[in-house]
Amino acid sequence: MQRSHRNGELTRIHVGETVHLLGWARRVRNLGSLIFIDLRDRWGLIQLTADTTVVSPGLLNTLKTIRSEFVLSVKGTVELRNSPNEGIATGEIEVRILDLNILNTSLTPPIPIEDIDEPAGEELRLKYRYLDLRKNSLQKNLWLRSEMSHVIRDHFRQNDFFEVETPILTKSTPEGARDYLVPSRVHSGEFFALPQSPQLFKQLLQVSGFERYFQICRCFRDEDLRADRQPEFTQVDVEMSFITQEDIQDLISNLMVRLSSMVGRTINKPIPRLTYQDAMEFYGSDKPDLRFDNRIKDVSAFFNRSEFKIFRNAADSDGQRRVRALGFSGPIAGNLSRKQIDDLERDAKHLGAGGLPYIKWGKDGLSSSFKKFISEEETRKICTALGIIDEGIILFAVGPDSLTSKVLGELRNICGKQFGLIDSSVFSFVWITDFPLFEWNDDSLRWMAVHHPFTSPHPDDLYMIEDRPGECRALAYDLVLNGFEIGGGSIRIHSTELQSRIFKLLGISEAEAQDKFGFLLEALGYGAPPMGGIALGLDRMVMLFSGESSIREVIAFPKTAQARCLMTSAPSFVDLRQLTDLGLLKENKQTFRVGAVFFESQASSPALRRALGQRIQEITSTQTQGLISFDSKGRLIDSKTIQDGPFFEFE
RNA sequence: GGGGUCGUAGCUCAGUCGGUUAGAGUGCCAGCCUGUCACGCUGGAAGUCGCGGGUUCGAGUCCCGUCGGCCCCGCCA
């Protein structure tokens, strides 16, 4: 069974040739004495045609039975079309069918297998993922992903990197995300954890002298999901010895230039750097979208004599609380409706603000939520300070920086989209540097590592680790693209003493450190080189590079927001035997889910009855009870009483 | 853990104030059709209104609960 050509690669130079093609019938257009079939394979679409008045009766019969998504093998002659279609790549030509075999039939697909304006709901698309993946858009996305992976491998190989696989079954570590656990059968009661990242292994590979390591690896985090977060995701993991953060940033910047060119984007080097502090001050975010430059400004000083008490108090608070503002010029911003402003205020309140004070200058002149506290002259001064020349709006937030940054940073993103400030064809990369090393956690009442506990402090800040941990900077950096964090890394600690100091500050006891990371601490004592690295989020990169807004569109078999696979129905209950094998059920107390499945049918033959029995086993688990009904042809009529059986416990 | 939103034919959706036999487009099936390419025309079949309970003479519509999809907050070193 061989094809002579790929469908999408046929052109007018093949006219006159007899070709053998394979693929799926995307659509059949039967005009009576003329039949057209669009045949799809991985490389494209070609129109098959047959004149039913001249083909053999056998072929005519076959042609009549073809439906969408049937799998076909075709022999035919390439011809120029009478009426070309400029809309498709192979629109100049068509293949006149000489012979055709149906290799397989297809049920009517439950979802449209085409990129159309109103695609099926995501629930169905995920259930029938193998059909959804036939669509051109998903094939294109996964192809881009495949190509990007190759370019990434090539880039690191060219730079003398060593690809090493690290364990998937590994050790649970404190700090960080919740682990996915895997019970050990051999060691009853003990667990492996799936890696949140190969962090410790890549550091140990540096101790081993590999010097340049990379891996494209799967990572797992048992946390709640978002459009850009899946429980398992793919990292481009990198670690190097004897380097500075600039070395790593340069290496990755070069990679980004190469990858961007794959989707027709040119980016300027060097990629700009912004300190964490400046990012928070000017953009209210550690992953600012720099496709537009509207900046947050501290306007506290304008209000140190103001009648507006909330602002005045903040201005007088010596920096504890500040009045910060974000301005947008232009008629769209200046002429927002009451409702649009209410919507923004609702967003602001949602983020923790008390309200959304604003000044707006539009067609109808000035309006402001605190007009009576501010003169027109003062208003003009503030407008000028924020660069609002003609029409525009200024949004205010007051309070501690943590609050005002969050509110204005988020409003900046919302307004940037709403006011059309974002050129979606632009790639705007930025390195965010000098992250804080620690942050105070109110729940556990202790300092936590912002990046991870192996991150090196900034050498200038070493002296204040114990006294002023909150001010201590880390040699840590994130790579941000269009408002998404696509990577993060750091220079690591390579001395046992410093690592112990950090653990101590984090409240990790000597004993716990030994228990959890003893192997690392020990390794650092055997000539660990200075080292650092980065991990890039491949899923997010492919998402952004393909213009998608969810990483599910660039993952072959993604999970839902509730971390389920709708296609396989994972996770699922398992046999009790498996649980007892794993030591997850105590021997002296066993839990059984008791059930029995009855079924009724008028099945005509013993063979059909046996098949139905099998079918029931497929659609129920051993823990199920209820009644299933089939009709005489074995079609399912009713299974609504099927449910999970009750638990019984025996001592 | 919390907030928002959606769930009606295979699919995408409409369904008014709670009131007759729940509609449209598309897909599917059948017939007709020689240049279609989202073919066209004619006809037809197709519904557990997510599930459970409640209010009511009467529920797709109102109330409570529950399940599921999506988005967000918390969370994600």
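FYI, side chains are in, hydrogens and waters are out, and symmetry mates aren't considered; it's all heavy atoms of this structure. So that the names make sense, note that chain A is the first sequence line, chain B the second, and so on, each numbered from 1. Remember, predicted model here, so these are calculated numbers, not experimental data.
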Engineer: Indicate whether the side chain of A:D237 and that of A:Y213 have a donor and an acceptor atom separated by less than 3.5 Å.
Structural biologist: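 Yes.
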Engineer: Summarise protein proximity over nucleotides 33-44 of chain B in one line of letters, 5' to 3': B for base, S for sugar-phosphate only, - for none, counting protein heavy atoms closer than 4.0 Å.
Structural biologist: BBBBBSB-----
Engineer: Tell me: CZ of A:F70 to P of B:C28, nearest whole Å?
Structural biologist: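 My rounded result for the distance is 11 Å.
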Engineer: Does B:A46 have a Watson-Crick or wobble mate here (both distances under 3.5 Å), and if so which one?
Structural biologist: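 Partner of B:A46: none.
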Engineer: Rounded to whole Å, how long is the line connecting atom CZ of A:R221 with atom P of B:C75?
Structural biologist: 15 Å
Engineer: For the backbone of A:L133 and the side chain of A:Q139, can you confirm whether one donor and one acceptor N or O come within less than 3.5 Å of each other?
Structural biologist: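 Confirmed, A:Q139 side chain pairs with A:L133 backbone.
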Engineer: How many Å lie between CG on A:D442 and C1' on B:G74, as a whole number?
Structural biologist: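 Computing the A:D442:CG to B:G74:C1' distance gives 13 Å.
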Engineer: For the aromatic rings, using the six-membered ring if either is Trp, is the centroid distance between A:F517 and A:F503 under 6.0 Å?
Structural biologist: yes
Engineer: B:C70, OP1 or OP2 - any side-chain N/O from A:R125 closer than 4.0 Å?
Structural biologist: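 Indeed not, no polar side-chain atom of A:R125 lies that close.
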Engineer: Nearest 0.5 Å, please: how far is CD in A:Q47 from CZ in A:R96?
Structural biologist: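 Going from the CZ atom of A:R96 to the CD atom of A:Q47 covers 10.0 Å.
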Engineer: Could you tell me the separation between the CG atom of A:L351 and the P atom of B:G4, rounded to a whole number of Å?
Structural biologist: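 Distance, rounded to whole Å: 16 Å.
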Engineer: Given 3.5 Å as the limit, does a donor-acceptor pair link the side chain of A:S572 with the main chain of A:S569, or not?
Structural biologist: no
Engineer: Which base, if any, makes a Watson-Crick or G-U wobble pair with B:G35, both distances under 3.5 Å?
Structural biologist: none
Engineer: So what's B:U16 paired with, Watson-Crick or G-U wobble, going by both distances under 3.5 Å?
Structural biologist: none
Engineer: Considering only the P atoms, how many Å lie between B:C70 and B:C28, rounded to the nearest integer?
Structural biologist: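 Their P atoms lie roughly 28 Å apart.
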Engineer: If we take the C1' atom in both B:G2 and B:C13, what is their distance in whole Å?
Structural biologist: 31 Å
Engineer: Kindly assign one of parallel, tilted or perpendicular to the pair A:F454 and A:H452, based on the angle between their ring planes and the thresholds 30° and 60°.
Structural biologist: tilted
Engineer: A:D434 and A:Q277: side-chain donor and acceptor closer than 3.5 Å?
Structural biologist: no
Engineer: Could you tell me whether the side chains of A:Q196 and A:D179 share a donor-acceptor contact shorter than 3.5 Å?
Structural biologist: yes
Engineer: Determine the interatomic distance between C1' on B:G27 and the same-named atom on B:U12; round to the nearest Å.
Structural biologist: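 Approximately 11 Å lies between the C1' atom of B:G27 and that of B:U12.
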Engineer: Answer yes or no: does a side-chain N or O of A:T560 lie under 4.0 Å from OP1 or OP2 of B:G69?
Structural biologist: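 For B:G69, OP1/OP2 do have a side-chain N/O of A:T560 under 4.0 Å.
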Engineer: Both distances below 3.5 Å, Watson-Crick or wobble geometry, any strand: find the nucleotide opposite B:U5.
Structural biologist: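 Base-paired to B:G69.
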Engineer: Nearest to the A:A177 side chain among B:A30, B:C70, B:C76, which nucleotide is it?
Structural biologist: B:C76
Engineer: Checking only heavy atoms, does the side chain of A:R229 share a donor-acceptor pair with the base of B:C75 at less than 3.5 Å?
Structural biologist: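 Checked by distance alone, the answer is yes.
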Engineer: What integer number of Å spans the C1' atoms of B:A22 and B:A59?
Structural biologist: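 Per the computed distance, 13 Å lies between those C1' atoms.
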Engineer: Rounded to the nearest Å, what distance is computed from the CG atom of residue A:L566 to the P atom of nucleotide B:C67?
Structural biologist: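 After rounding, the gap between these two atoms is 16 Å.
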Engineer: What's the closest nucleotide to the side chain of A:E123 if the choices are B:G1, B:G68, B:C11?
Structural biologist: B:G68
Engineer: Base, sugar-phosphate, or nothing: which does A:P109 touch, judged by heavy atoms less than 4.0 Å apart?
Structural biologist: nothing
Engineer: Across all strands shown, which nucleotide pairs with B:G10 by Watson-Crick or G-U wobble geometry, both distances under 3.5 Å?
Structural biologist: B:U26
Engineer: A:D224 CG to B:C73 P: how many Å, rounded?
Structural biologist: 12 Å
Engineer: Between A:I111 (CD1) and B:C13 (P), how many Å, whole number?
Structural biologist: 14 Å
Engineer: In whole Å, what separates the C1' atom of B:A38 from that of B:C76?
Structural biologist: 44 Å
Engineer: Distance from A:I502 atom CD1 to A:C472 atom SG, nearest 0.5 Å?
Structural biologist: 7.0 Å
Engineer: Is there a Watson-Crick or G-U wobble partner for B:U55 with both distances under 3.5 Å, and if so, which one is it?
Structural biologist: none
Engineer: For nucleotides B:G65 and B:U5, find the distance between their P atoms and express it as a whole number of Å.
Structural biologist: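 So the two P atoms sit 15 Å from each other.
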Engineer: Between A:V450 and A:A561, which has a closest nucleotide on RNA chain B that is more 5'?
Structural biologist: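 That would be A:A561.
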Engineer: Between B:C72 and B:A30, how far is it from one C1' atom to the other, in whole Å?
Structural biologist: 50 Å
Engineer: Check every strand shown and say whether A:I35 touches a base, only sugar-phosphate, or nothing at a heavy-atom separation below 4.0 Å.
Structural biologist: nothing
Engineer: Quick check: any donor-acceptor pair below 3.5 Å linking the side-chain of A:R226 to the base of B:G74?
Structural biologist: yes
Engineer: Between B:A9 and B:U26, how far apart are the two C1' atoms, rounded to whole Å?
Structural biologist: 11 Å
Engineer: Would you classify A:T52 as touching base, sugar-phosphate or nothing, given that sugar-phosphate means primed atoms plus P, OP1 and OP2, and contacts are heavy atoms under 4.0 Å?
Structural biologist: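 Answer is nothing: A:T52 stays at 4.0 Å or more from every strand.
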Engineer: Taking atom types as modelled and ignoring hydrogens, do the side chains of A:S490 and A:R492 form a donor-acceptor contact shorter than 3.5 angstrom?
Structural biologist: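 Yes.
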Engineer: Send over the distance from A:I116 CD1 to B:G10 C1', rounded to a whole Å.
Structural biologist: 13 Å
